[in-house]
Amino acid sequence: MIAKHPKTLLVIVAEALLEKNLVRDARQRGVQGWTVSEVHGASLEGVRDGDWEADRTIELKLICDEAVADALAAHVLATYAPHYSVAMYFAPVQVLRPERF
């Protein structure tokens, strides 16, 4: 049996202009790695096609300890969510090399 280690996946979908701030905030809270993808879709705020620079959306995926994910999500809710389009969700994951997360 392969050794698996529990972690938390936090996914943040937000306006692209927040990317640098979100990455900085994640690093300050101990996140060691992340993946950013440009995405498009719709929400209660409307459709975001990404056809022009101010309409771009990113999906930021972070795998970390649950406490770190909770702290970052609380910060994002308090700092960015009142002013920008932001969606977040958590999922339990299992990793093979826990020192990387």
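Positions are given from 1, in the same order as the sequence printed here.
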Checklist line | Minimum heavy-atom distance Cys64-Ala69, with the two atoms named | finding: SG-N, 3.6 Å

Notebook entry, point to check: Would one find more than 12 heavy atoms of other residues, nucleotides or ligands at under 6.0 Å from atom CZ of Arg97?
Noted result: no

Margin query: A side-chain contact here means heavy atoms from C-beta on lying under 4.5 Å apart; do Phe90 and Leu9 qualify?
Written below: no

Checklist line | Results of salt bridge (charged side-chain N to carboxylate O under 4.0 Å, His left out) for Glu66 - residues two or more places apart only | finding: none

Item checked: Nearest non-hydrogen partners of Ala73 and Leu10, listed with the distance -> N-CD2, 4.2 Å

Checklist line | Closest non-hydrogen atom pair between Ala14 and Val86, with its separation | finding: CB-CG2, 4.1 Å

Next item on the list: Determine, step by step, whether Thr57 and Val13 satisfy the side chain to side chain contact (heavy atoms under 4.5 Å, CB included) criterion, reporting the C-alpha distance in whole Å, the side-chain angles of both residues, the deciding distance to 0.1 Å, and the verdict.
Entry: CA-CA 7 Å; Thr57 303; Val13 180; 3.7 Å; yes

Check: Nearest 0.5 Å, what's the NE2-CD distance between His5 and Glu99?
Finding: 7.5 Å

Report, one line per pair, each donor and acceptor closer than 3.5 Å where one atom sits in a side chain of residues 74-83; sequence neighbours left out.
from  : atom 1 : to    : atom 2 : distance (Å)
His75 : ND1    : Arg29 : NH2    : 3.1
His75 : ND1    : Thr79 : OG1    : 3.3
His75 : NE2    : Asp25 : OD2    : 3.0
Thr79 : OG1    : His75 : O      : 2.9
Tyr80 : OH     : Asp25 : OD2    : 2.7

Notebook entry, point to check: Should Ile63 and Val95 count as side-chain neighbours, where that means a heavy-atom distance under 4.5 Å?
Noted result: yes

Next item on the list: Check Val31, Ile12, Val11 against Leu60 for a side-chain contact (heavy atoms from CB on, under 4.5 Å) and give me the one that passes.
Entry: Ile12

Checklist line | Ion pair check, Arg56 and Glu15, cut-off under 4.0 Å | finding: no

Check: Taking only residues two or more places apart in sequence or in another chain, which ones pass salt bridge (charged side-chain N to carboxylate O under 4.0 Å, His left out) with Lys61?
Finding: Glu59

Note to self: Tell me the closest heavy-atom pair linking Val39 and Ile58, and the distance in Å.
What the structure shows: CG2-C, 3.9 Å

Note to self: I need the Leu62 CG to Lys7 NZ distance, nearest 0.5 Å.
What the structure shows: 13.0 Å

Check: Going from CG on Leu96 to NZ on Lys4, what distance comes out if it is rounded to the nearest 0.5 angstrom?
Finding: 8.0 Å

